[in-house]
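Reading through the structure tokens given below for one structure.
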Amino acid sequence: MKFAVKAWSNGRARAGILHLGTSTIDTPSLLLSTRKGLPHFISPDLLSCLPSPESRLLHVSPLHFLEGLSMKTISKIGGLHQLLGLHDHCFVSVPRDSIQCLPEANSTNKIGASFETPCGRLLIKPVEYMEMISSTRPELWATLADEVPAWVSDKRNKTSVDRTIKWLDECISLSPASGAVFGAIVGGSSLEERRRCAQEVATRNVSGYWVGGLGLGESMDERPALLNAVIEALPEEKPRLICGLGLPEEILQGIAAGVDLFESTYIYHLTLGGFALTFPLDRTQINALNLAPSDVGSDPRKINLRATVFRKDTMPIVEGCTCYTCRNHTRAYINHLLNVHEMLAQILLEIHNTHHFLGFFRLIREAINAGRFEEFRKEFVQRWR
């Protein structure tokens with residue numbers, strides 16, 4: 001893995017280039033949320049219709065594979081790339097996935113981290129976690145962490161940092177020859193513990209940093225201070241990954257602090273609810289939506305295609321969108337698919353929402369390269385919040 005910062009804008013916001021495996025990806029970038037290595041609704045043969053190479057970063061939790069094939073079998077097959085046949089994509093492995101494999105702080109102890117999974121509550125030891133990493137062979141993986149929600153005590157925060165640093169050293173000592181290591185940084189809502197953890201992890205031989213423990217109860221007003229406490233202690237030449245931030249405003253907040261890679265379940269939740277992203281990706285299209293307030297609901301960034309107002313709407317989801325869904329289908333057709341519970345509805349929606357959200361990241365990179373990121377951020381939040 002190689003990473004280089006190419007442009008800065010308004011302080012810490014930065015654009016760079018990440019060389020991972022056979023792919024070269026511009027940052028800030030999105031990791032596509034997956035279930036066992038594949039997007040939740042898009043089949044492997046349809047991945048080629050997504051923008052490339054932006055869509056080649058796939059987030060995966062090794063805990064997904066605790067049900068089904070054994071780790072030994074996956075290792076014999078040759079890892080995730082051989083198992084899934086995705087040789088042009090890059091897998092980024094993080095313990096939790098923000099949907100099913102959530103950290104359970106009350107059951108975590110000095111032996112290992114506890115997670116709520118489809119197999120029940122499981123305690124994962126560092127040695128077991130590294131066996132999963134060695135078997136799945138991702139290009140990039142984050143170390144095991146003791147993530148805690150925002151409301152825990154100062155004592156519990158301190159314990160989580162101590163355990164995470166201890167597990168970091170264990171994971172590094174057991175790490176396989178391949179794959180870039182991202183050191184986990186935790187600390188809950190404590191600025192001092194966040195800073196202490198970041199300073200400790202920055203002294204380790206890692207390729208980058210995973211800022212964990214966010215999206216677990218802290219408010220958007222608290223988050224900038226927590227992010228700044230972490231980023232200030234990290235070297236500039238290494239990439240930063242974050243989990244738990246999904247909304248466009250949260251993405252912009254993370255980029256303003258200096259984060260490069262984002263794991264987000266926003267697309268999954270939109271698709272599951274029958275929503276489609278519609279905010280313009282071009283300034284000239286700002287007033288081109290032609291949607292009444294009753295169509296849009298309380299959030300002008302998306303539309304609910306289950307609504308009866310779209311039953312006879314022959315427009316694509318977004319006029320001028322180049323995704324497969326908008327080029328071939330109408331709002332009326334997707335409304336029909338949703339209301340008769342056809343799985344094709346979620347497939348078409350995930351294609352559009354992924355394409356649209358990747359376009360949002362492209363706009364962010366352009367704003368950073370032009371030196372007007374803060375202007376872009378304020379304009380976006382004011383118009384679409």
May I ask whether Leu69 and Tyr129 are part of the same hydrophobic cluster, defined by side-chain heavy atoms of I, L, V, M, F, W, Y residues being less than 4.5 angstrom apart, directly or through others?
yes
Does any non-hydrogen side-chain atom of Met1 lie less than 4.5 Å from one of His19?
no
Heavy atoms from other residues, nucleotides or ligands near CZ of Arg311 exceed 12 (cutoff 6.0 Å)
no
Quick check against the 3.5 Å criterion: does Gln382 have a side-chain atom that pairs as donor or acceptor with the backbone of Glu379?
no
Do Arg301 and Thr278 have a side chain donor and acceptor closer than 3.5 Å?
no
Donor-acceptor pair, side chain of Thr203 and main chain of Glu200, under 3.5 angstrom
yes
So, do Leu83 and Leu80 sit near enough that their side-chain heavy atoms are less than 4.5 Å apart?
yes
Between Leu30 and the options Leu57, Ile267, Ile25, the side-chain contact (heavy atoms from CB on, under 4.5 Å) test singles out Ile267
Minimum-distance pair of heavy atoms, taken over all atoms of Arg137 and Ser75:
NH2-O, 3.0 Å
Assign the ring pair Phe360 / Phe357 to parallel, tilted or perpendicular, where the plane angle (0 to 90°) is split at 30° and 60°.
parallel
Report yes or no: does Asn109 contribute a side-chain atom to a donor-acceptor pair with the main-chain N or O of Gly112 at less than 3.5 Å?
yes
Should Leu20 and Leu50 be regarded as members of a common hydrophobic cluster, given that ILVMFWY residues are connected when their side-chain heavy atoms come within less than 4.5 Å of each other, either directly or indirectly?
no
Of the options Arg240, Arg14, Lys238, which is the one that meets Asp260 in a side chain to side chain donor-acceptor pair (under 3.5 Å)?
Arg14
Distance-only, no hydrogens or angles: does the Asn353 side chain make a donor-acceptor pair with backbone N or O of Leu349 under 3.5 Å?
yes
Does a salt bridge link Asp169 with Arg204, judged by any charged N lying under 4.0 Å from a carboxylate O?
yes
Please work out whether the ring planes of Phe91 and His81 are parallel, tilted or perpendicular, with thresholds of 30° and 60°.
perpendicular
If hydrophobic clusters are built from ILVMFWY residues whose side chains come within less than 4.5 Å, do Ile185 and Ile255 share one?
yes
Check Ile231, Leu214, Asn157 against Arg194 for a side-chain contact (heavy atoms from CB on, under 4.5 Å) and give me the one that passes.
Leu214
Under 3.5 Å, is there a donor-acceptor pair between the side chain of Glu319 and the main chain of Pro316?
no
Is any side-chain N of the basic residue among Lys110 and Glu170 closer than 4.0 Å to the acidic one's carboxylate O?
no
Side chain of Glu222, backbone of Ser219: donor and acceptor closer than 3.5 Å?
yes
Within the side chain of Ser135, is there an N or O that forms a donor-acceptor pair under 3.5 Å with the backbone of Glu131?
yes
Does the side chain of Ser70 pick up a donor-acceptor pair with the side chain of Thr73 at under 3.5 Å?
yes
Run the salt-bridge test on Asp162 and Lys166 with the 4.0 Å N-O cut-off and return the result as yes or no.
no
Side-chain contact test, heavy atoms from C-beta onward, threshold under 4.5 Å: evaluate it for Val92 versus Leu261 and give yes or no.
no
Would you call Arg223 and Glu250 a salt bridge, using N to O less than 4.0 angstrom?
yes
Backbone N/O of His59 and side chain of Thr34: donor-acceptor pair under 3.5 Å
yes
In the structure I gave you, are the side-chain heavy atoms of Tyr333 and Asn328 within less than 4.5 Å of one another anywhere?
no
Any side-chain heavy-atom pair from Phe279 and Leu281 closer than 4.5 angstrom?
yes
If we count only N and O atoms by modelled type, under 3.5 Å, do the side chains of Arg372 and Asn10 hold a donor and an acceptor together?
no
Any donor-acceptor pair under 3.5 Å from Arg365 side chain to Pro28 backbone:
yes
Does Lys36 pair with Asp97 as a salt bridge, N-O distance under 4.0 Å?
no
Single-linkage hydrophobic cluster, 4.5 Å side-chain cutoff, Trp167 and Val152 together
no
Decide, yes or no, whether a salt bridge links Glu374 with Arg377 under the criterion of side-chain N to carboxylate O below 4.0 Å.
yes
In plain terms, say whether Glu147 and Arg96 are close enough for a salt bridge, that is, a side-chain N and a carboxylate O under 4.0 Å apart.
yes
Does the side chain of Val206 come within less than 4.5 Å of Thr143's, by heavy atoms?
no
Applying a strict under-4.5 Å side-chain criterion to I, L, V, M, F, W and Y, I'd like to know whether Leu241 and Tyr209 cluster together.
no
Using side-chain heavy atoms (C-beta onward) and a distance below 4.5 Å, is Cys171 in contact with Trp141?
yes
Tell me whether Glu366 at atom CD has more than 12 heavy atoms from other residues, nucleotides or ligands lying less than 6.0 Å away.
yes
Are the side chain of Ser134 and the backbone of Pro176 linked by a donor-acceptor contact shorter than 3.5 Å?
no
Can you find a side-chain donor-acceptor pair between Ser33 and His40 that sits under 3.5 Å?
yes
With the side chain counted from C-beta on, respond yes when Phe275 and Leu305 share a heavy-atom pair under 4.5 Å apart, and no when they do not.
no
